[in-house]
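Residue indices begin at 1 and follow the sequence shown.
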Amino acid sequence: MAALQKRGRHSGIVVLFILLGTLWEAGARTIRYSVLEELDKGSFVGNIANDLGLEPRELAERGVRIVSRGRTQLFALNPQSGSLVTADRIDREELCAQTAPCLVSFNILIEDKLNLYPVEVEIVDINDNTPRFFREELEVKIMENAVPSSRFPLMEARDPDVGTNSLQSYQLSPNQHFSLVVQNGDDGAKYPELVLERVLDREEKAVHHLLLTASDGGHPPRSQTARIQVTVVDVNDHAPVFSLPQYQVTVPENVPVGARLLTVHAVDLDEGVNGEVTYSFRKITQKILQIFRLNPHTGELSTLEGLDYEESSYYEMEVQAQDGPGSMTRAKVIITVLDVNDNAPEVTVTSVSNSIPEDTPPGTVVALFYLQDRDSSKNGEVTCTISENLPFKLERSIDNYYRLMTAKNLDREKCSVYNITLKATDGGTPPLSSETHISMNVADTNDNPPAFPQSSYSVYIPENNPRGASIFSVTAHDPDSHENAQVTYSLSEDTLHGASLSSYVSINSDTGILYALHSFDYEQFRDLQLRVTAHDSGDPPLSSNVSLSIFILDQNDNTPEILYPAPPTDGSTGVELAPRSAEPGYLVTKVVAVDRDSGQNAWLSYRLLKASEPGLFAVGLHTGEVRTARALLDRDALKQSLVVAVQDHGQPPLSATVTLTVAVADNIPDVLADLGSIRTPADPGDSDLTLYLVVAVAAVSCVFLAFVIVLLALRLRRWHASRLLQASGGGLVGVPASHFVGVDGVRAFLQTYSHEVSLTADSRESHVIFPQPNYADTLISLATCEKKDPLLTSIDFRECKDEAENIQQAPPNTDWRFSQTQRPGTSGSQNGDETGTWPNNQFDTEMLQAMILASASEAADGSSTLGGGTGTMGLSARYGPQFTLQHVPDYRQNVYIPGSNATLTSAAGKRDGKAPAGGNGNKKKSGKKEKK
């Protein structure tokens, strides 16, 4: 039985209960069987599987079992044969007493569908009991003057069998004085009476011995004999007479033990011993003798133990009154027991499912139970209730069976266990009740996806983080249980800079901790956009997403990068020019630096770290502009060395330095005069390198000189031919006009070449400057050509100095200098006035193009005379290819051709025969070029 109940509990988890309607159940057919009593245990009663329409194996599969109403189980199911068998020996007399037919009712429950089928089994009587007399000996006293035909009641026999197996007849042993008559009572019982046939004579025979035999109708019949002793008594004229022929009393079942129920009373008119009446039970069972007591002298009937209405509600017995001589009479006593509400209702749970899925639909049966109250009438009327705040309801089935079913949708996350109290109350006064508790577990189903506390997360991590370090943790909560609540995490696939995000960040699938797989660089990217997905382990799995933004915080990991002046690659320093006439605040140059960091880490400040002449120059804190702090004096050295430090505002701050060389001079010749004083210290190995350079330049110069000589010869020949043509009046026929230019009657070639070799004045090391041919920027007069050979292979510095003293050179045109806003620096700071104009004719344009091509050639082969080599001014570091045009504004309007007073702004004036602005004499040709 326990196994079937356990199987029923487990099946309730998996199978949804299918309900049967109450009307269907009320009309379900009753299965009836009959079986003989006293059969051995396991005896066949009926084929219950066949009657239910099932196969024998289905009895166990579908949880078919017997449910009874609190009575000892008399029958069982044989799962192998599908039969209903006896569970033990059955005694019909103990079960039903004298009731016929004896029916045992129970129900067959099919667990999987909670179907109930009523079954009735009739217990058929067999002749297993012999008629028995209350006593084996009976004494009867008869007055000797008794008239024939007088009747004297005898003790009757009892047979618990019914039908033909019960008591059928009495027989009296043969004698001369008595015969036997059997009377049938209202209840069907047979009462024997002794009939006097002949007059008795005490003197002849005072005692008569007779045998009374009681027999039933069984096969074979059973019988028992009692001895009767008839005593002939002297004359007694009156017999006792009861006041009532029948005594009735109604008492409650809770009457105290020993309480007097009633008193029987009989009167005998005789006197003396003949009038003394005694009382005794006549027709009574052994069970009644244990419950009631009759006082033989007073006739009081009292209880020996408590009455129980549920065991017997009605008692019937006979009492007799007998006087001293033996005359007797009898009366019937009927005791009716009234029910008292002394039994609380009982709840018997027939089937219950300990666990139900939370997605169980409303109306699903989860438990079946039976209510009973041993009391009767209203005391036995039972009602059952449950708490109203539960998602369950009760529905009555057949008989007193109730079904507990779901009334609403269940949600395990709100309540995982329901403790249901079934309260049964009867209708007695006062009412009695009992409670039965059912614990109902709600099994989880995967109906909730994992949920993140926030819809998005923002994470801030500094750059240069260690690889493999955890950077953040996300947690999703799933209100489900067990595997439905086991959450795993993953990152959605995406790319960043062509690489998968999984190569930058990984996530622990169990804990949700994110790890950085790379050391992030703020300068490479500043944020990552991720999407974290949380999956549970349910079937099917549910998931949810959350967006995660990782912001890289900048660290001060980049030193300032100086764009201008560009760091030299050959150990030289750039040279800036500052005229001696510069006023305080004159912009000498501007240090331009950038920092790849951002924010405060990229805020740059400039300061003068070291200066050869303190107080002469000042550096703008935020602009990096190098300006004169005071007026330049004659005693100030030609070469001024400045060390400018650029520092950011990071923690800790990073800095970079740049060394500036400022040449204090009004013009380039002044600088050349003291060239040796502004060279940077060289390594001891520079002497050998210089020697190699001199040899190489000398070889190249020889080749170039040969080319120039050949070219000059050709030019002279052409010039000589032109003079002959002029003399002959033919003019210059066949020579393109664009190759000549005339100013004030002076005619010269447009293309000129120069070659200059310079030697240091105060050093043992020679320095050769060999510029490539370029276009001249001035026009040479015939007088100048006569005095000086235009093609010079060497120039002595002292000669140049003497010539400079003798020939008053025109002051430089102020247009060639950069204005304060046109100094190299960041774009956007050039808002000053620009006095120069861009060439507006073909002649000037060709000259500018030639100059730019020559400058580009010098930057390519490193042979520029204005480069940063040893002993040179190092101007290429200022205007060389390291400093691209994107770092300076467009200075094409202010192009100055070093070594000449001619500027592009005065080109138009030249063609018109006007002197250029700021010029006051002959122009000196110079081979020095300044690139820009």
Side-chain angles (χ1 to χ4, degrees), residues 37-38 70-72 89-100 102 125 128-139 153-162 166-167 185-191 214 216 222 224 226 242 246-266 277-322 328 330-340 342-343 374-376:
E37 65 172 332
E38 299 296 340
R71 180 178 296 174
T72 303
R89 285 183 175 270
I90 301 175
D91 188 356
R92 193 206 68 83
E93 289 73 32
E94 180 182 355
L95 193 62
C96 299
Q98 299 297 314
T99 303
C102 181
D125 182 48
D128 58 341
N129 293 283
T130 301
R132 295 186 180 277
F133 290 97
F134 183 65
R135 290 187 298 271
E136 293 183 358
E137 293 185 0
L138 176 63
E139 182 180 5
L154 300 177
M155 177 182 59
E156 74 276 6
R158 292 183 59 82
D159 190 336
D161 294 329
V162 295
S166 62
L167 177 65
D186 296 336
D187 56 356
K190 299 181 182 298
Y191 302 99
D216 60 22
R222 293 174 177 266
Q224 186 182 31
F242 282 101
Q246 179 174 304
Y247 292 88
Q248 292 184 350
V249 64
T250 301
V251 295
E253 62 175 325
N254 59 351
V255 64
V257 176
R260 182 176 66 86
L261 303 181
L262 59 82
T263 301
V264 295
H265 181 66
V277 179
T278 59
Y279 303 96
S280 62
F281 288 113
R282 175 177 174 80
K283 180 184 176 183
I284 196 170
T285 63
Q286 188 65 30
K287 186 176 182 180
I288 293 177
L289 284 176
Q290 297 174 355
I291 298 175
F292 300 101
R293 175 181 178 274
L294 181 62
N295 191 317
H297 302 292
T298 62
E300 290 183 355
L301 183 65
S302 59
T303 57
L304 293 175
E305 61 182 33
L307 301 179
D308 191 351
Y309 174 85
E310 288 70 38
E311 292 185 3
S312 179
S313 62
Y314 175 84
Y315 296 95
E316 182 179 344
M317 64 196 76
E318 284 188 0
V319 297
Q320 65 181 10
Q322 184 175 356
M328 66 180 67
R330 62 185 179 183
K332 181 180 291 188
V333 177
I334 298 176
I335 300 175
T336 301
V337 181
L338 294 179
D339 181 41
V340 175
D342 58 345
N343 292 284
R374 299 178 62 191
D375 296 326
S376 63

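- The side chain to side chain contact (heavy atoms under 4.5 Å, CB included) check on Ser302 picks up Arg293, with sequence neighbours excluded.
- Using a 4.5 Å heavy-atom cutoff, the side chains of Thr130 and Asp216 are not in contact.
- The main-chain N or O of Asp339 is never found under 3.5 Å from a side-chain atom of Ser313 such that the two would form a donor-acceptor pair.
- Side-chain atoms of Tyr279 do not come within 3.5 Å of backbone N or O of Glu300 as any donor-acceptor pair.
- Heavy-atom minimum distance, Leu289 versus Leu304: O-CD1, 3.5 Å.
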Let me check something: any side-chain donor-acceptor pairs from residues 153-160 under 3.5 Å, sequence neighbours excluded? List them with distances.
residue: Asp159; atom: OD1; partner: Asp161; partner atom: N; Å: 3.0

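- Between the side chain of Gln320 and the main chain of Met328, no donor-acceptor pair closer than 3.5 Å is present.
- The minimum heavy-atom distance linking Val340 with Pro252 is given by the pair CG2-CB, 3.9 Å.
- For the ring-ring contact (aromatic ring centres under 6.0 Å, His included) condition, the pairs that include at least one residue of residues 289-319, sequence neighbours left out, are Phe292-Tyr315.
- Partners of Glu316 under the salt bridge (charged side-chain N to carboxylate O under 4.0 Å, His left out) rule, at least two apart in sequence or in another chain, are Lys332.
- Side-chain contact between Glu38 and Asp91 is present, with at least one heavy-atom pair separated by less than 4.5 Å.
- A distance of 12.0 Å separates CG of Asn129 from CG of Leu167, quoted to the nearest 0.5 Å.
- Scanning for salt bridge (charged side-chain N to carboxylate O under 4.0 Å, His left out) contacts around Arg282 gives Glu318, with sequence neighbours left out.
- Listed here is the closest heavy atom pair of Phe134 and Ile284: CD1-O, 3.9 Å.
- Residues Asp125 and Glu93 have side chains in contact (heavy-atom distance under 4.5 Å, counting atoms from C-beta outward).
- Considering only heavy atoms from C-beta on, Asp128 stays 4.5 Å or farther from Arg92 through its side chain.
- Between Met317 and Leu301, the closest side-chain pair of non-hydrogen atoms falls below 4.5 Å.
- Between Leu138 and Phe133 there is no side-chain heavy-atom pair separated by less than 4.5 Å.
- Tyr247 pairs in a side chain to side chain contact (heavy atoms under 4.5 Å, CB included) with only one of the listed residues (Ile335, Val264, Ile334), which is Val264.
- Crowding of Glu94 atom CD: a count of heavy atoms from other residues, nucleotides or ligands under 6.0 Å not exceeding 12.
- Of all heavy-atom pairs between Pro131 and Gln224, the closest is O-OE1, 2.7 Å.
- Distance CD/Glu37 to SG/Cys102: 8.5 Å, rounded to 0.5 Å.
- Scanning both residues, Gln248 and Leu262, for their nearest heavy atoms gives C-CD2, 4.5 Å.
- Residue pairs that meet the side chain to side chain donor-acceptor pair (under 3.5 Å) test with at least one member in residues 253-264, sequence neighbours left out, are Arg260-Thr263.
- Heavy atoms of other residues, nucleotides or ligands lying less than 6.0 angstrom from CD of Glu136 number 12 at most.
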